[in-house]
Amino acid sequence: MARYVFITGGVVSSLGKGLASAALGALLQARGYTVRLRKLDPYLNVDPGTMSPFEHGEVFVTDDGAETDLDLGHYERFTGVPARMTDSVSSGRVYSNVLEKERRGDYLGKTIQVVPHVTNEIKEFIDIGDDEVDFMLCEIGGTVGDIEGLPFFEAIRQFAQDKPRGQCIFMHLTLLPWIAASGELKTKPTQHSVKELRSIGLQPDVLVCRSEQPIPDKERAKIALFCNVRKDAVIAAPDLKSIYEAPMAYHREGLDQAVLDAFGIAPAPKPNLARWADVQDRIFNAEGDVNIAIVGKYVQLADAYKSIKEALMHGGMANRVKVNVEWVDAEIFEKEDPAPYLEGFHAILVPGGFGERGTEGKIKAAQFARERKIPYLGICLGMQMAVVEAARNLAGMTTAGSEEFDHESGKKRFEPVVYHLKEWVKGNHTVARKVDDDKGGTMRLGAYTAELAEGSKVAAAYGTTTIEERHRHRYEVDVKYRDQLEACGLKFSGMSPDGRLPEIVEYPDHPWFIGVQFHPELKSKPFDPHPLFADFVRAAKEVERLV
Ligand code: GLN
């Protein structure tokens with residue numbers, strides 16, 4: 001049976017609860033334990049799949065095909081444990097399950113209520129895979145006091161009560177505001193937040209306090225006294241230069257020790273932090289820089305491409321260089337020549353995306369990278385647009401485009417070199433769908449195998465010819481154009497095992513130009529950089545600056 005750490009937040013949002021949870025997961029692993037991290041989100045969307053990246057940042061996809069919150073990305077990057085569909089749940093999902101059961105008559109005519117029906121549904125979710133790991137870390141989204149969060153707080157209270165004593169602890173994250181005028185750290189918001197938590201029956205065992213300044217001993221003692229927490233369980237969370245400092249920083253502040261103490265685990269196994277020391281060394285002792293342009297649509301919001309940004313950084317760490325990422329709005333190139341914007345970058349990345357807006361600019365960016373021999377990594381839509389570029393400018397198919405944009409505009413304008421996928425093979429069965437299915441859940445999602453061509457650049461980067469990567473898209477490059485495009489130099493170097501779905505394209509005569517239909521960024525970790533990103537950054541490092 002797993003031990004449970006429930007992680008809640010108070011005072012304000014965006015305190016880094018996800019990061020604290022992920023760092024704690026990494027620290028428990030460093031002490032030899034197995035962990036799994038989970039996110040319970042109070043919003044009413046059934047999953048984040050249909051939420052705009054502007055609203056919610058990137059959608060993180062799991063191997064088993066769930067569209068989840070980007071916090072699961074943090075969890076994976078810090079622990080290396082592949083997240084699963086059952087590691088993320090929202091109020092929307094919970095209510096939808098409860099209502100489905102009610103319609104089926106599972107509740108035998110009972111009146112359905114938040115307590116116990118909704119809370120029971122949440123508790124069942126928390127329990128999944130209980131026997132597989134030593135520690136289950138469950139983060140509750142939002143802040144204590146939010147109306148939507150209440151059923152979750154009630155559910156974790158009950159859950160801890162149902163388990164044997166000492167099986168569950170509560171960790172609460174708060175903010176200690178710094179009042180510059182009086183030179184003081186204020187503890188009152190933290191006191192109030194804990195009071196709010198206690199009023200719903202939850203007593204924190206560990207308090208993590210974000211603060212710009214170190215917490216003086218007097219303040220720490222005061223927080224401990226007023227919040228009914230042991231003094232050494234009041235953990236300071238100072239601002240960090242890199243998120244990957246978090247495991248070491250939290251260890252220095254005593255977080256893992258406080259958690260193990262709260263469970264009464266003594267003596268605590270000694271931690272081995274070599275992995276994180278190496279990660280920090282690679283970040284802070286980089287030798288040189290590379291500048292990479294991400295040409296995309298959601299450039300205003302860095303969180304929209306969170307995993308890509310992280311994977312590029314990991315690629316830099318693999319090469320001991322610092323990667324400077326600059327976001328370039330693809331729409332600019334619809335009117336203007338990309339050269340002045342893109343010259344001087346060591347590499348160009350065109351990420352995934354949906355909808356036509358900005359795509360002509362992405363095509364221009366791909367053309368620029370191809371012609372100027374600048375390393376190019378096209379991810380999902382970025383691969384599709386590289387194929388369209390080749391079809392138009394190398395194969396002479398001037399009307400080449402993606403069926404996605406015809407569906408959007410309701411007009412037939414493009415020769416569909418990228419077409420809507422209606423049927424594909426998953427494992428040993430076929431999945432089929434129609435154009436007008438619901439928006440949610442109509443994509444090829446999750447891990448699929450690709451076979452790589454022997455001798456290709458991509459096989460060299462991976463060091464193998466069979467890979468498994470995560471997908472999230474509706475449209476595919478049409479294999480019927482393969483011969484025509486290969487004759488122009490664009491090689492289909494990765495295919496689905498049945499040979500029907502192009503997974504990777506590359507130009508063998510270009511220093512580094514690879515497009516992938518999947519999202520390699522989702523599997524990259526700071527201590528295990530993704531081979532494609534490592535190789536992409538290596539190529540960028542080798543490029544001579546153009547201006
Ligand atoms: N919009 C494209 C598709 O659905 C690409 C999706 C993506 O980049 N993730 O196929």
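For ligands, and for the atoms within them, numbers begin at 1 and follow the listed sequence.
By the 4.0 Å N-to-carboxylate-O rule, Arg413 lies close enough to Glu356 to be salt-bridged with it. A salt bridge does not link Glu139 to Arg38: none of the charged side-chain nitrogens sits closer than 4.0 Å to a carboxylate oxygen. Looking at Arg84 and Glu132, a side-chain N of the basic residue comes within less than 4.0 Å of a carboxylate O on the acidic one, giving a salt bridge. Ion pairing between a basic and an acidic side chain is recognised when a charged N comes within 4.0 Å of a carboxylate O; Arg472 and Glu58 show no such pairing.
Heavy atoms of His473 found under 4.0 angstrom from ligand 1 belong to the backbone as well as the side chain. When heavy-atom distances to ligand 1 are checked against a 4.0 Å cut-off, Glu476 has no atom that comes that close, whether in backbone or side chain.
Of the protein's non-hydrogen atoms, the one nearest atom 5 (C) of ligand 1 is Gly353 O, 3.3 Å. Considering only non-hydrogen protein atoms, atom 4 (O) of ligand 1 sits nearest to Arg474 N, 2.9 Å. The protein non-hydrogen atom at the shortest distance from atom 2 (C) of ligand 1 is Glu404 OE1, 3.2 Å. The protein heavy-atom contact nearest to atom 10 (O) of ligand 1 is Tyr475 N, 2.8 Å.
Cation-pi geometry between Arg470 and Phe518 is not met at under 6.0 angstrom from the ring centre and within 45 degrees of the axis. A cation-pi geometry, defined here as NZ or CZ lying under 6.0 Å from the six-membered ring centre and within 45° of its normal, does not hold between Lys39 and Tyr75.
If you number the atoms of ligand 1 from 1 as listed, the ones under 4.0 Å from a heavy atom of Cys380 come out as 5 (C), 6 (C), 7 (C), 8 (O), 9 (N). Counting the atoms of ligand 1 from 1 in the order shown, those under 4.0 Å from a heavy atom of Arg472 are 6 (C), 7 (C), 9 (N). Close approach of ligand 1 to His519 (heavy-atom distance below 4.0 Å) involves ligand atoms 9 (N).
Looking at Gly355 next to ligand 1, no N or O pair under 3.5 Å apart turns up.
In summary, the aromatic rings of Phe333 and Tyr341 are positioned with their centroids under 6.0 Å apart.
Put simply, no part of Met443 is less than 4.0 Å from ligand 1, judged by heavy atoms.
Among Glu371, Lys364, Arg370, the single residue meeting the side-chain hydrogen bond (donor to acceptor under 3.5 Å, both in side chains) criterion with Gln367 is Glu371.
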